[in-house]
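Read the structure below first, then the notes.
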Amino acid sequence: MSAIELATEKIKSLSEPAAKSVLAYIAIIEHAAAPTARELMLLPRAERGKILAKQAASAAEIYRDDPNLICEDFDPPMDYE
């Protein structure tokens, strides 16, 4: 089974809001590949800030549309003291 077929099958099993969120995310990454961390580090600070702000806004919209994606009950990987 190809990755596309597998993704299609998985999306069919999601609720409508979750499926919309997944498809919106696919549309975002389909049109423009995100820069790598190394590429971001090489950009001027202002340009980096614009890219990261845009990505944060996009993520906020996805989570706002489907609050079930937010994991509030988790154990942090380390203790912060």
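Ionic pairing of R64 and E61 is not present here: no N-O contact between side-chain nitrogen and carboxylate oxygen is shorter than 4.0 angstrom.
Between the side chain of S58 and the backbone N or O of K54, no donor-acceptor pair lies under 3.5 Å.
The side-chain contact (heavy atoms from CB on, under 4.5 Å) search around A18 returns L14, S15, D66, not counting sequence neighbours.
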Would you list the atom pairs, donor with acceptor, under 3.5 Å between side chains in residues 42-53 and any protein atom, with sequence neighbours excluded?
from, atom 1, to, atom 2, distance (Å)
R48, NH1, M41, O, 3.4
R48, NH1, L43, O, 3.1

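The closest side-chain heavy-atom distance from K20 to L23 is not below 4.5 Å.
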